[in-house]
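FYI, side chains are in, hydrogens and waters are out, and symmetry mates aren't considered; it's all heavy atoms of this structure. Lettering follows sequence order; numbering is per chain, from 1.
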2 protein chains.
Amino acid sequence: MDRPTDARAAARESRCGDLSVAIADQIRTAILEGRLIEGERLPSEAELAANFGVSRPTVREALKRLAAQNLIRTRRGAAGGAFVRKLSFDDVRAQMQALTTLALSMNAVDFETACEARFALEAAAVPLAAARHGSEHLARMQAEIARQEDPALSDQAFCASDVAFHVALVEAAGNPVLTFQLASAIEAMQPLMNMITYTQRKRAIITSLHRKLHAAIAIEDRERALDVLDRLARYTLEIGEAIRADRANRHAGRGAAAAEGG
Amino acid sequence: MDRPTDARAAARESRCGDLSVAIADQIRTAILEGRLIEGERLPSEAELAANFGVSRPTVREALKRLAAQNLIRTRRGAAGGAFVRKLSFDDVRAQMQALTTLALSMNAVDFETACEARFALEAAAVPLAAARHGSEHLARMQAEIARQEDPALSDQAFCASDVAFHVALVEAAGNPVLTFQLASAIEAMQPLMNMITYTQRKRAIITSLHRKLHAAIAIEDRERALDVLDRLARYTLEIGEAIRADRANRHAGRGAAAAEGG
DNA sequence: TGTCAACTATTGTCTTACAATTGAGGCGCC
DNA sequence: GGCGCCTCAATTGTAAGACAATAGTTGACA
């Protein structure tokens, strides 16, 4: 099928150099266009090298690129090789989350912006969740609420439970596309939420709002759920603001102490 | 700094095999933890190989993995090497779009589900866009509306303009995190929208709704904008439904014709 | 002083070889 | 004859060395 020198010619002509990139692109295209079906085994590295007219290390580098994108997985041994991998929604969600986390950390997004986006996105799921939640989603939300009431919970665990609660809410919308978009976004913001110290008072307020949100979803009161979510958003922003102010104060205090000491 | 045999030891102990994966993870962690700053040059492949106690091809495969995730970029020649790359929001958006497109195509998401998610997500941006749009966003939306009124536009171009309109709307929300989340989702659904044949009648209705949406945003009437968006969503779903029914009919017709012919 | 050419450092690719892993088929044993 | 073990072969993973391509640098020359 593939002309032996296609990749070479394409790479040389397109002047993009990097034979391995060209080969990776060709294989990727073949997968995306459906010429290679899920689970199908690619030719061995040696065969690919012969087909493309390049050496085995070059093919390997191309395969590594694809493996890094979870498009294939490789197995050693007899009957081993590279296999086309179907991206499950969960895989996509994990990759999206990693990407979002990366974006948030590398671009130093401030808490306010991230928080705004997070709750705005979640609001997109609320009407659908109110309309067609299943009992298992409500149960999961309820379970997380119960966990959040345990005063012995560490801040990290409380935050994780918070995320789990909201992911359950998003999944209650029953739309897989919405799920992986929103869940990845919410989970990606966990590191930012983790910087908060959750006092018992804050926990009580948050958990109470979670309970109200759960109740509103349960009785399919969309407006009420949106209202509670909005209150939760504003309270979270308030906490973030307080944390920032507190930190600024501490820095100022330390600076003043240093100045006095010196 | 890095112990020479860290990667080897880690790989052997963790039993995950694949030295190149272990090395890639170590470098990735170094980047994410900020030990390697943006723009900084990594040691040359030979040095890395010596440091990690592995061969150069192994290091290269690790670097390919990172390059595939856009974490580094490499240059040849003197003063060349691998450089830590800052992921811009646009980079993330492009990657997210690619990922979403992949997810939609590989999981064969139906038009209805994708459409529902798309408009639900977009609704998340509308209140913010209404509250703090800039004149440039309104102008861009207006420009796309004007383009959509050209009857000579191809279906593909109309669809592209439609996407551009909604991306402008999302960007009007003025939240970069929201922007790359939503814009990638909207753009990823373009292939699905492209399967529609936009008759003049359909175009007139869609463009009219776009105009109403633009007007509502301009006067900062959030409720009205949401209402228009909802109408747009329902109309798009309607079109999708019609297309599906039409296709089913044609298939049935062809089947009948074939039966008659045979 | 300006320009050009050789040099050098670095990545990209090729070649060959060996190690590790895993499935399969053959062999012996029960 | 059936079952289990064992060797074998196919395949990927890793290694080492060499050459090609590229681009910045430096030195020589006009």
Provide, to the nearest angstrom, the distance between the CG atom belonging to A:Leu19 and the P atom belonging to C:dT11.
18 Å
Run the numbers on A:Asn70 and A:Leu87 for side chain to side chain contact (heavy atoms under 4.5 Å, CB included), then give the verdict.
CA-CA 7 Å; A:Asn70 274 323; A:Leu87 274 183; 3.8 Å; yes
Using a 4.0 Å heavy-atom cut-off across all strands, classify B:Arg56 as base, sugar-phosphate, or nothing.
base
So, does B:Ser44 get its side chain near the phosphate of C:dA9, meaning an N or O under 4.0 Å from OP1 or OP2?
no
Does the pair B:Arg118 and B:Asp162 meet the rule for a salt bridge (Lys or Arg N to Asp or Glu O under 4.0 Å), with working shown?
CA-CA 13 Å; B:Arg118 176 199 188 287; B:Asp162 182 284; 3.5 Å; yes
Short side-chain N/O contact from B:Arg75 to OP1 or OP2 of D:dA23, under 4.0 Å
no
Atom CZ of A:Phe83 and atom P of C:dT22 are separated, to the nearest Å, by 13 Å
Counting only side-chain N and O atoms of A:Thr74, is one of them less than 4.0 Å from OP1 or OP2 of D:dG13?
yes
Rounding to a whole Å, what distance do you find between A:Arg60:CZ and C:dT15:C1'?
15 Å
Rounded to the nearest Å, what distance is computed from the CG atom of residue A:Leu63 to the C1' atom of nucleotide D:dT14?
16 Å
Is the phosphate of C:dC14, meaning OP1 or OP2, less than 4.0 Å from a side-chain N or O of A:Thr58?
yes
Choosing from D:dG13, D:dG24, D:dA15, which nucleotide comes nearest the side chain of B:Pro57?
D:dA15
From the set D:dT14, C:dT22, C:dG12, return the single nucleotide nearest to any side-chain atom of A:Ala78.
C:dT22
Expressed as a whole number of angstroms, how long is the span from B:Leu48:CG to C:dG12:P?
13 Å
Sugar-phosphate only, base, or nothing, as touched by B:Arg41 at under 4.0 Å among non-hydrogen atoms
sugar-phosphate
Test log, rule side chain to side chain contact (heavy atoms under 4.5 Å, CB included), inputs A:Met96 and B:Thr100
CA-CA 9 Å; A:Met96 277 226 161; B:Thr100 308; 2.9 Å; yes
Exceeds 12 heavy-atom contacts within 6.0 angstrom, atom CZ of B:Arg147
no
Side-chain H-bond candidate by donor/acceptor type, A:Thr179 with A:Glu171, under 3.5 Å:
no
Out of C:dG23, C:dT21, C:dT13, minimum distance to the side chain of A:Arg76 belongs to C:dT21
note: A:Arg73, atom CZ; C:dT21, atom C1'; distance rounded to Å ~ 16 Å
Rounded to the nearest Å, what distance is computed from the CD atom of residue A:Glu45 to the C1' atom of nucleotide C:dT15?
15 Å
Can you tell me how far P of C:dG12 sits from CD1 of A:Ile23, to the nearest Å?
14 Å
Relative to the 5' end of DNA chain C, which residue comes earlier, A:Ala79 or B:Glu47, by the nucleotide with the nearest heavy atom?
B:Glu47
